[in-house]
Structure formats: structure tokens, C-alpha cells
Amino acid sequence: MSTLRLFATPDASACLEIFDSNVPYYFGAHERRDFSNYLLQRERAQDYLVVERAGRIAACGGLMRTDEDTAAFCWGMVDSSLHRQGLGNILALARVARARALGVRRLTLSTSQHTRGFYAAQGFIVTAIVPDGHGPGLDAVHMERPLAPR
């Protein structure tokens with residue numbers, strides 16, 4: 001069983017381990033410092049989620065409001081040993097629900113070519129591709145998804 005909850009500062013080391021498990025295929029090692037700094041910001045206690053499974057953090061991801069109508073998925077990841085077990089789906093659905101609760105009308109994200117299909121299945125469409133935009137061999141695939149109010 002998986003449990004979804006808000007991030008707490010002591011979770012940072014587990015989230016960094018998840019990041020490390022996804023280097024170099026999904027993230028470049030050079031991005032670790034940015035992620036670490038992101039986790040240290042006070043806002044993470046309100047906008048970053050973790051998924052626990054069997055007593056350990058297995059996935060994490062955030063939702064950052066960028067303007068009145070838009071929010072962005074940020075730093076979403078699943079421990080590489082647990083890919084394709086539905087944890088990314090749990091995390092994506094929770095962030096979409098949170099966006100709807102905030103009244104957001106559009107979601108954006110920047111991912112790589114390796115997770116483009118996952119987000120397409122979540123209703124996101126590609127708006128731009130920047131070759132090597134996240135580092136050598138990691139294209140920046142910009143995507144968005146409109147949200148109808150419920």
C-alpha cells in the first residue's frame with residue numbers, strides 16, 4: 001500500500017537518493033544541486049509531495065503555481081527500482097487534483113524524451129522540444145495540459 005503526504009525537511013535525503021537512482025537516464029548529475037536547493041525552500045512543506053511504500057519514500061514531486069491560472073509540475077520522480085508500479089500515476093493524479101483545488105486552469109512541465117510518453121498518457125501535449133535542453137542526451141520536452149474546472 002502507498003501513502004501520499006506532504007514533504008517534510010527530514011525527507012530531503014530520501015528524495016535525493018531517489019534523484020540519484022535516476023541519474024544519468026532521467027536526470028543529469030549536474031541537476032542535483034538545483035534539486036537539493038529546491039528541497040531546502042520553506043514552500044516545499046506546502047507544495048511538494050512524497051509517496052511512501054513499505055515505510056520508505058518511493059516517489060516525490062511538486063506543483064508550483066506560476067501565475068493565477070497556471071501551475072507547473074516540478075521535480076517529479078520515482079525510485080528507479082520501483083518504476084512501472086503505479087507510483088508515478090499516484091503522484092501525477094495527486095498533483096492534478098491539487099491544481100484543480102487551487103483553481104488552476106493550465107498545467108505545464110518540462111521533462112525529457114524518456115518520460116514524454118508517460119505525461120502524454122496523463123493528458124499533456126508537447127509545446128516545444130529543446131535538444132539537450134536538460135543536458136547532453138536529455139532533451140527538454142515542454143508540455144502542457146488544460147484543466148477544466150470541476
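A continuous path of hydrophobic side-chain contacts links Val96 to Leu102 [ILVMFWY only; heavy atoms under 4.5 Å]. Val51 and Leu63 are not part of a single hydrophobic cluster, where members link through side-chain heavy atoms under 4.5 Å apart. A continuous path of ILVMFWY side-chain contacts below 4.5 Å connects Ile57 to Tyr38, so both sit in one hydrophobic cluster. At a threshold of 4.5 Å between side-chain heavy atoms, the hydrophobic network of Ile, Leu, Val, Met, Phe, Trp and Tyr places Trp75 and Tyr25 in one connected group. No continuous path of ILVMFWY side-chain contacts below 4.5 Å connects Phe7 to Leu91, so the two sit in separate hydrophobic clusters.
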Show your working on side chain to side chain contact (heavy atoms under 4.5 Å, CB included) between Val104 and Arg65 and close with a plain yes or no. CA-CA 8 Å; Val104 167; Arg65 192 125 193 203; 3.9 Å; yes

Run the side chain to side chain contact (heavy atoms under 4.5 Å, CB included) check on Leu107 and Met143 step by step: do they pass? CA-CA 8 Å; Leu107 289 169; Met143 303 179 82; over 6 Å; no

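A donor-acceptor contact shorter than 3.5 Å is absent between the side chain of Thr66 and the backbone of Ala72. In this structure, Ser36 contributes its side chain and Arg33 its backbone to no donor-acceptor pair below 3.5 Å.
Taking CG of Asp47 as the reference point, atom CZ of Arg95 lies at 11.0 Å (rounded to 0.5 Å). Atom CG in Asp79 sits 9.0 Å away from atom CG in Leu87 (nearest 0.5 Å). How far CE of Met77 is from CG of Asp20: 9.5 Å, rounded to the nearest 0.5 Å. The distance from atom CD1 of Ile125 to atom CD of Glu144, rounded to the nearest 0.5 Å, is 5.5 Å. Once rounded to the nearest 0.5 Å, the distance linking CZ of Arg100 with CG of Leu147 reads 5.0 Å. With rounding to the nearest 0.5 Å, the separation of CG in Asn22 from CD in Glu31 is 11.0 Å.
Arg145 CZ: more than 12 foreign heavy atoms inside a 6.0 Å radius. Around CD of Glu68, the count of heavy atoms belonging to other residues, nucleotides or ligands within 6.0 Å does not exceed 12. Around atom CZ of Arg53, more than 12 heavy atoms belonging to other residues, nucleotides or ligands sit under 6.0 Å away.
Screening Leu109, Thr127, Thr111, Thr115 for a side-chain contact (heavy atoms from CB on, under 4.5 Å) with Val141, the sole residue that qualifies is Thr111.
Ring centroid separation for the pair Tyr26 and His83 comes in under the 6.0 Å cut-off. In this structure, the ring of Phe35 has its center no less than 6.0 angstrom from the ring center of Phe27.
Comment: Arg44 does not engage Asp11 in a salt bridge, judged by the lack of any side-chain N to carboxylate O separation of less than 4.0 angstrom.
Closest non-hydrogen pair, Gly88 versus Val78, comes out as N-CG2, 3.6 Å. Residues His134 and Ala140 come closest through the heavy atom pair CD2-CA, 3.4 Å. Among all heavy-atom pairs drawn from Gly137 and Asp132, the shortest one is N-OD1, 2.8 Å. Residues Asp139 and Pro131 come closest through the heavy atom pair OD1-CA, 3.3 Å. Nearest heavy-atom pair, Leu39 versus Ala12, reported as atom, atom and distance to 0.1 Å: CD1-O, 3.9 Å. Counting all heavy atoms, side chain and backbone alike, Gly135 lies closest to His30 at CA-CE1, 4.0 Å.
Using a 4.5 Å heavy-atom cutoff, the side chains of Arg116 and Ile129 are in contact. By the 4.5 Å heavy-atom criterion applied to side chains, Arg5 and Val50 are counted as neighbours.
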